[in-house]
Amino acid sequence: MLAELRGVDPALLDDAAGLVHALRTSLLGAGADVRQMAVEAFTPQGVTVVALLAESHASLHTWPEHGTALVDVFTCGDAADPELAVRTLARTLGATGLVSRVVSRGGTEVVEALSAGVTRTWAVEGVRARVRTAWQEVLIADTAQGVTLFCDDERQSAEHTQLTYHEALFVPAALLADRRERVLVVGSSEGVVSELAVACGARTVDHVDLDEECVRLCAEHLPYGYSPAELAAAERGSGPVRMHFADGLAFVAEATEQWDVIVVDLPDERPDDPSAQLNRLYSEDFLTDCAGRLRPGGVVVAQAGSPAVWRDGTLRAAWARFSSVFAQTVYAGCPEHEWAFLCGLMRPIVDPGGMAARRLAELPYTPATLDADDLRARTVAPSPLRSHRSSSTAF
């Protein structure tokens with residue numbers, strides 16, 4: 001527990017004996033076993049108190065001239081409550097302000113960057129695989145969301161929510177396409193999209209992924225997507241899925257085949273790192289190549305970031321690129337963790353949400369997380385006026 005106590009009487013913060021008593025009493029009241037105390041008073045002012053605990057340690061550093069004290073209470077086990085110790089100390093010293101945070105130490109956690117100055121911390125309960133591949137660091141671990149895949153500390157999918165994500169990515173695009181017999185998947189290492197495509201009637205699914213080691217780790221350790229046997233069959237091309245370990249950009253550029261649905265499922269675009277190799281597959285040139293590989297009535301769909309106002313930069317950039325390449329761009333939203341997807345159509349259609357909802361009944365696959373009302377509400381083709389508003393509701 002790391003804390004800053006503010007608004008404390010300067011006299012109290014320069015009273016070494018009083019601070020020793022206050023820290024000891026707070027720790028004992030919180031269940032800690034205090035073994036030794038050490039104190040040092042400084043000139044012209046300020047005091048440091050350190051408590052050696054059976055559970056670890058606690059420290060208190062004061063700045064009387066600012067009415068401030070910094071506190072660190074570090075414990076292991078369940079006997080002591082560091083948060084209670086800090087709150088008690090703050091009351092004892094009469095602090096008018098308390099700023100604190102809890103840090104898990106000695107275990108494993110993933111700190112995921114969401115936006116400038118904003119992170120999400122994942123508590124990791126067990127590591128199944130952690131490998132630095134030729135392209136990224138891959139971590140497959142147990143979290144509160146089930147078995148979870150992280151690439152470069154960015155959550156890609158989690159057992160409890162992966163179906164929501166993958167259906168929101170693929171199913172609306174499949175319903176907007178005239179046909180779904182031939183599907184190309186770029187990225188999506190888990191293999192779930194390939195399985196959804198087959199379930200939705202695809203006869204051939206070409207799956208292209210640059211990171212062979214990541215795909216194999218997913219098949220071995222994730223309870224969803226490919227199994228090792230299914231991946232082996234896809235590598236042999238002995239079923240509807242054909243696995244290609246290749247650069248997606250080069251694969252599309254050199255392809256002579258055409259597809260009904262092209263899915264681009266990658267980690268988030270990295271505008272902060274122009275050298276990131278995955279940025280190439282977010283470019284207008286790559287979208288143009290994909291558009292040229294569509295069969296008549298085909299659709300390109302891509303993961304496009306988040307619609308949240310505080311982190312919608314990549315979505316806005318993707319919307320601009322899609323709008324410059326395709327005759328119609330359709331937004332498909334997913335409420336789970338604010339995902340957003342864009343579908344590009346070479347031929348404009350009227351009421352895409354209504355059309356997709358009507359086709360849902362004809363699909364051989366019954367989505368677990370989508371229904372007709374979902375599609376009408378989530379699949380929207382904004383007007384030009386709406387698409388230029390400053391608010392993220394433009395999408």
Side-chain angles (χ1 to χ4, degrees), residues 1-127 139 141 143-144 150 152-155 272 308 310-311:
M1 182 77 174
L2 304 175
E4 181 177 343
L5 280 54
R6 300 171 177 170
V8 181
D9 183 347
L12 294 178
L13 295 179
D14 216 25
D15 178 359
L19 292 170
V20 169
H21 177 73
L23 182 59
R24 178 192 292 273
T25 301
S26 299
L27 291 167
L28 292 173
D33 182 356
V34 180
R35 297 298 180 87
Q36 297 182 45
M37 300 286 294
V39 60
E40 182 77 22
F42 298 95
T43 301
Q45 56 197 353
V47 177
T48 289
V49 183
V50 178
L52 176 63
L53 311 178
E55 297 81 7
S56 189
H57 73 270
S59 63
L60 169 64
H61 310 275
T62 74
W63 282 263
E65 67 272 30
H66 299 298
T68 299
L70 299 185
V71 184
D72 177 6
V73 181
F74 180 28
T75 67
C76 60
D78 300 322
D81 183 347
E83 296 183 59
L84 176 58
V86 170
R87 291 196 301 270
T88 302
L89 181 61
R91 286 196 301 269
T92 300
L93 296 180
T96 60
L98 171 62
V99 179
S100 64
R101 66 187 179 101
V102 176
V103 178
S104 176
R105 300 167 72 182
T108 302
E109 61 182 25
V110 176
V111 179
E112 180 183 11
L114 298 180
S115 184
V118 180
T119 61
R120 177 191 293 127
T121 301
W122 292 78
V124 172
E125 299 164 5
V127 174
L139 169 65
T143 73
F150 299 92
D152 287 336
D153 290 338
E154 180 184 323
R155 186 279 310 266
D272 60 315
W310 50 276
R311 55 176 304 211

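The first residue in the sequence is number 1, and the count goes up from there. Computed from heavy atoms alone, side chains included, the values below leave out hydrogens, waters and symmetry copies.
Between the CZ atom of Arg155 and the OG1 atom of Thr143 there is a distance of 9.0 Å, given to the nearest 0.5 Å. One distance of note links CG of Asp14 with CD of Gln45; it measures 6.0 Å at 0.5 Å rounding. Atoms CG and CG, from Leu84 and Leu27 in turn, are 10.0 Å apart once rounded to the nearest 0.5 Å. Here Asp15 contributes atom CG and His21 contributes atom NE2; the two are 10.5 Å apart, rounded to the nearest 0.5 Å.
Within a 6.0 Å radius of CG in Asp78, other residues, nucleotides and ligands contribute 12 heavy atoms or fewer.
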Please determine whether side chain to side chain contact (heavy atoms under 4.5 Å, CB included) holds for the pair Leu19 and Leu93, giving the CA-CA distance in whole Å, both sets of side-chain angles, and the decisive distance to 0.1 Å.
CA-CA 9 Å; Leu19 292 170; Leu93 296 180; 4.0 Å; yes
Begin with the C-alpha distance, continue with both residues' side-chain angles, and end with the deciding distance and a verdict on side chain to side chain contact (heavy atoms under 4.5 Å, CB included) for Met1 and Thr75.
CA-CA 9 Å; Met1 182 77 174; Thr75 67; over 6 Å; no
I'd like to know whether Glu4 forms a side chain to side chain contact (heavy atoms under 4.5 Å, CB included) with Leu70, so could you lay out the CA-CA distance, the side-chain angles of the two residues, the decisive distance to 0.1 Å, and finally the verdict.
CA-CA 5 Å; Glu4 181 177 343; Leu70 299 185; 3.6 Å; yes
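Although no hydrogens or angles enter the test, the distance criterion places no donor-acceptor pair under 3.5 Å between the side chain of Thr92 and the main chain of Ala22. Put simply, the side chain of Asp152 never gets that close to the backbone of Glu154: no donor and acceptor are under 3.5 Å apart. A donor-acceptor pair is defined here as one N or O able to donate and one able to accept, closer than 3.5 Å; no such pair exists between the side chain of Asp153 and the backbone of Glu112. Under a 3.5 Å cut-off, the side chain of Thr68 and the backbone N or O of Trp63 do not form any donor-acceptor pair.
You'll find the side chain of Glu83 stays beyond 4.5 Å of the side chain of Val86, heavy atoms only. At a threshold of 4.5 Å between non-hydrogen side-chain atoms, the residues Leu5 and Leu98 count as touching. Taking 4.5 Å as the limit, every side-chain heavy atom of Val73 sits out of range of all side-chain heavy atoms of Leu89. With contacts defined as side-chain heavy-atom distances shorter than 4.5 Å, the pair Thr121/Val110 does not qualify. The side-chain heavy atoms of Leu23 and Met37, taken from C-beta on, include a pair separated by under 4.5 Å. Contact of the His57 side chain with the Asp72 side chain is registered, since non-hydrogen atoms from C-beta on lie closer than 4.5 Å. Between Val47 and Leu13, every side-chain heavy-atom pair lies at or beyond the 4.5 Å cut-off.
Nearest heavy atom pair, residue Leu114 against residue Trp310, reads CB-CZ3, 4.1 Å. The two residues Pro10 and Pro64 have their closest heavy-atom pair at CB-O, 3.4 Å. Across all their heavy atoms, Glu125 and Ala144 have their closest contact at OE2-N, 3.7 Å. Taking both residues in full, the closest heavy atoms of Ser100 and Ala3 are given as CB-CB, 3.9 Å, listed atom of the first, atom of the second, then distance.
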